[in-house]
Amino acid sequence: MGTAKRSQQSSPFAERVYAIVRRIPPGRVTTYGRIARAAGLTRSARMVGWLLHEAPADVAAVAHRVVNRNGELTGGWAWGHPSVMRALLEEEGVTFVDEYRVDLERHLWEPEDEFSERS
DNA sequence: CGATTGACCTCCG
DNA sequence: GCGGAGGCCAATC
């Protein structure tokens, strides 16, 4: 396979993010910052979102469980419309405190912060 | 090759 | 407690 590369250079940080996202249980939600911190890069939450945009199908299948620090469906438009992601979350039993805001106090899932480095 | 944007967050005033 | 600015890495124009 000569053409087995492109931009999918599977960065160590990317694989770490994908691994964490895949470990997100149903009915549970996490935040980009939480994943970024668990991956080792606390201030690189932006890249997490971009990675999810280029993420494989298995990761994208659970990407709707990833929300921002506010619990808002910031990436809802990635599915075409936030209502789609909201429906998926509701299907898993996730409640919403607002139209597009999940109850983090109720479904916030914290990844294994083995690599979490504090300042 | 340089500048801008991006599924965002943290720090500082 | 709230607001603004910086940061971080990569992709796209």
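Order of the sequence lines fixes the chain letters, A, B, ..., with proteins taken first and strands second; residue numbering starts at 1 for each chain.
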Inset, instruction - Can you tell me, in whole Å, how much space there is between the C1' of B:dC1 and that of C:dA10? - result: 16 Å
With rounding to the closest Å, how many angstrom separate the P atoms on B:dT5 and C:dA5?
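Approximately 16 Å lies between the P atom of B:dT5 and that of C:dA5.
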Check your understanding: Is a side-chain donor or acceptor of A:Asn70 paired with a backbone partner of A:Glu72 at a separation under 3.5 angstrom?
Key ->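 The answer is no, because no donor-acceptor pair under 3.5 Å joins these two groups.
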On a heavy-atom basis, which atom in [X] and which in [Y] lie closest, and how many Å separate them?
X: A:Met85; Y: A:Trp79; value: SD-CZ3, 3.3 Å
X: A:Ile20; Y: A:Ala39; value: CD1-N, 4.0 Å
X: A:Pro111; Y: A:Ala38; value: CG-CB, 3.8 Å
X: A:Leu73; Y: A:Val67; value: CD1-CG1, 4.0 Å

Within this structure, what is the [atom1]-to-[atom2] distance between [X] and [N], rounded to whole angstrom?
X: A:His53; N: B:dT5; atom1: NE2; atom2: P; result: 18 Å
X: A:Met47; N: B:dG6; atom1: CE; atom2: C1'; result: 12 Å
X: A:Arg37; N: C:dC8; atom1: CZ; atom2: P; result: 17 Å
X: A:Arg34; N: B:dC9; atom1: CZ; atom2: P; result: 10 Å
X: A:Leu41; N: B:dC9; atom1: CG; atom2: P; result: 15 Å
X: A:Glu54; N: C:dC9; atom1: CD; atom2: P; result: 19 Å
X: A:Leu51; N: C:dA10; atom1: CG; atom2: P; result: 9 Å

I need the residues from residues 75-84 of chain A with at least one non-hydrogen atom less than 4.0 Å from DNA chain B; give them sorted by number, or say none.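 By residue number: A:Gly75, A:Ala78, A:Trp79.
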message: Expected output is a numbered-order residue list: members of residues 64-74 of chain A with a heavy atom under 4.0 Å from any atom of DNA chain B. What is it?
response: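 A:Asn68, A:Arg69, A:Thr74 - these, ordered by number, are the residues of the stretch whose heavy atoms sit under 4.0 Å from the strand.
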- Can you figure out which of C:dC9, B:dC11, B:dC9 approaches the side chain of A:Tyr32 most closely?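 Selected nucleotide: B:dC9.
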Nucleotide nearest A:Ala63 (side chain, heavy atoms from C-beta), chosen from B:dC11, B:dA7, C:dC9
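Output: B:dA7.
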Would you compute the distance between atom CH2 of A:Trp77 and atom OG of A:Ser83 and round it to the nearest 0.5 angstrom?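 Interatomic distance, A:Trp77 CH2 to A:Ser83 OG, rounded to 0.5 Å: 8.0 Å.
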Partner of A:Thr31 under side chain to side chain contact (heavy atoms under 4.5 Å, CB included), picked from A:Val48, A:Leu108, A:Asn68, A:Val66, is A:Leu108
So for A:Arg46 and C:dC8, does any side-chain atom that can act as donor or acceptor lie under 3.5 Å from a complementary atom in the base? yes
Practice item. Show your reasoning for whether side-chain contact (heavy atoms from CB on, under 4.5 Å) applies to A:Leu51 and A:Tyr32. Key: CA-CA 11 Å; A:Leu51 287 173; A:Tyr32 300 97; over 6 Å; no
Using residues 86-95 of chain A as the side-chain source, report each donor-acceptor pair under 3.5 Å to any protein atom, sequence neighbours left out, with the distance given to one decimal.
| from | atom 1 | to | atom 2 | distance (Å) |
| --- | --- | --- | --- | --- |
| A:Glu92 | OE1 | A:Gly27 | N | 3.1 |
| A:Glu92 | OE1 | A:Arg65 | NE | 2.9 |
| A:Glu92 | OE2 | A:His64 | NE2 | 3.2 |
| A:Glu92 | OE2 | A:Arg65 | NE | 3.3 |
| A:Glu92 | OE2 | A:Arg65 | NH2 | 2.8 |
| A:Thr95 | OG1 | A:His107 | NE2 | 3.2 |

